[in-house]
Amino acid sequence: MGLTIATWNVNSVKARLPVVSGWIASARPDVLLLQELKCETASFPAEAFAALGYEGAVVGQKAYNGVALLARRGLAVSDVITALPGDPDDGQARYVEATVAGLRVASLYLPNGNPVDSEKYPYKLRWMERLRAHAARLLADEVPLVLGGDFNIIPEPEDVYAPSEWREDALFRPESRRAFRALLNLGLTEAFRALHPAQPRAWTFWDYQAGCWPRDLGLRIDHFLLAPRAADRLLSCTIDRAPRGQEKASDHTPVILELSH
DNA sequence: ATGGTTGTTGGACAA
């Protein structure tokens, strides 16, 4: 058993507390990356996570966004940064990065970008370029980087139930996928596809609407990207569908990465 | 083609 890192867009940490707590208690990941907290930093339910043995860094804001990077007590979380470099005027709580277990780990919530004819889409592309520039600097120093989170990117047609219907969506447009490939072309490994090159219908998100979950109409948009020093240690990357089927579920389900020690 | 849901928040907006 290696070191495990889980990522989960919880779509409100307060609304999701029972479901998330139950999952943590059984899955017991070493590191837990959360997105879409939808609460301010000060109102994050840190006590509930501390009671489960998890502490770390939280970056929240009122109503929207919000990310956390927590680790099992005993695994120190140090050298925290609470924003993606490259735009001091960007106040959205979408990025937290820290050193834990000898790795440099980020929990990120990449902008959705819809509708594409609004200012939201260029913001998404600028954010991706900032991420690429930041990752390039860390890779140049051979940092064992792990980027985990909701990338809001459908990398390939097999990562969406109906590619033709999503062609113009911000999650699947050519410019979005090109920006994601530019990230990979730095030398990052997309952990799930590296280990499961042909696994179909490996969704991490199912819309609440139109019976997407019961009909299994989903997307694969939650990812782990690994620098060579982390990819060399890749043991497994799995999607746990079970939490999506529970009462009061998030629309995303956890992805779990395992690295050798 | 439309409407279908959930969360924050108290009427839209985001996803």
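The sequence lines fix the lettering, A, B, ..., with proteins before strands; numbering per chain opens at 1. Please read these numbers as outputs of a predicted model, since none were measured by experiment.
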Enclosure of A:R229 CZ (heavy-atom neighbours >12, cutoff 6.0 Å):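 Atom CZ in A:R229 is not packed in, count stays at 12 or less.
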A:R73 CZ: over 12 foreign heavy atoms closer than 6.0 Å: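 Atom CZ in A:R73 is packed in, count exceeds 12.
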Verdict with supporting geometry, A:D87 and A:R126, salt bridge (charged side-chain N to carboxylate O under 4.0 Å, His left out): CA-CA 10 Å; A:D87 183 359; A:R126 285 198 308 275; 5.4 Å; no
Along DNA chain B (nearest heavy atom to each residue), the more 5'-positioned of A:G113 and A:S12: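 Result of the comparison: A:S12.
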Upstream residue (5' side of DNA chain B) when A:N112 and A:A15 are each assigned their closest nucleotide: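 Nearest-nucleotide comparison on DNA chain B picks A:A15.
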What residues from [range] pass a heavy-atom cutoff of under 4.0 Å to DNA chain B?
range: residues 239-255 of chain A; result: A:K248
range: residues 157-169 of chain A; result: none
range: residues 56-69 of chain A; result: A:K62, A:A63, A:Y64

Beyond-backbone contact of A:V58 with A:V96, side-chain heavy atoms, under 4.5 angstrom: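 When only atoms from C-beta onward are counted, A:V96 and A:V58 do not touch, as no gap falls below 4.5 Å.
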Sugar-phosphate, base or nothing in reach of A:F205, heavy atoms under 4.0 Å: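 Nothing, no heavy atom under 4.0 Å.
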Please report the distance, rounded to the nearest Å, between [atom1] in [X] and [atom2] in [N].
X: A:W213; N: B:dT6; atom1: CH2; atom2: C1'; answer: 16 Å
X: A:Q209; N: B:dC13; atom1: CD; atom2: C1'; answer: 13 Å
X: A:D207; N: B:dG3; atom1: CG; atom2: C1'; answer: 12 Å
X: A:E36; N: B:dT8; atom1: CD; atom2: C1'; answer: 11 Å
X: A:K120; N: B:dA15; atom1: NZ; atom2: C1'; answer: 9 Å
X: A:K38; N: B:dA12; atom1: NZ; atom2: C1'; answer: 13 Å
X: A:E40; N: B:dT8; atom1: CD; atom2: P; answer: 13 Å
X: A:Y121; N: B:dA14; atom1: OH; atom2: C1'; answer: 18 Å

Between A:F44 and A:F49, ring centroids under 6.0 Å: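 Centroid distance A:F44-A:F49: below 6.0 Å, so yes.
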Electrostatic pair A:R220:A:E158 at N-O distance under 4.0 angstrom: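 No, no charged N to carboxylate O under 4.0 Å.
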Salt-bridge present (A:E175, A:R178; N to O < 4.0 Å):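 No, this pair does not count.
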Side-chain donor/acceptor of A:T189 to backbone N/O of A:A191, under 3.5 Å: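 No; zero donor-acceptor contacts below 3.5 Å.
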Parallel, tilted or perpendicular: rings of A:W8 and A:W23 (30°, 60°):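 Rings of A:W23 and A:W8: perpendicular, over 60°.
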Residues A:N9, A:D222; criterion side chain to side chain donor-acceptor pair (under 3.5 Å); working and verdict: CA-CA 8 Å; A:N9 177 324; A:D222 301 87; 5.3 Å; no
Given A:V80, A:L75, A:D79, the one that forms side chain to side chain contact (heavy atoms under 4.5 Å, CB included) with A:V77: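 Of the listed residues A:V80, A:L75, A:D79, the side chain to side chain contact (heavy atoms under 4.5 Å, CB included) partner of A:V77 is A:V80.
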Distance test, side-chain N/O of A:R16 to OP1/OP2 of B:dT6, below 4.0 Å: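 Answer no for this pair, as no side-chain N or O of A:R16 is under 4.0 Å from OP1 or OP2.
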Nucleotide of B:dA15, B:dT8, B:dG7 approaching A:N11 most closely (side-chain heavy atoms):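 Per side-chain heavy atoms of A:N11, the pick is B:dG7.
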P atoms of B:dA15 and B:dT2, separation to the nearest Å: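 To the nearest whole Å, 23 Å.
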Separation of the P atoms in B:dG10 and B:dA14, to the nearest angstrom: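 It comes out at 14 Å once rounded to the nearest Å.
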Charged tip of A:R173 within 45° of A:Y121 ring normal and under 6.0 Å: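 Yes - A:R173 lies over the ring of A:Y121, closer than 6.0 Å to its centre and within 45° of its axis.
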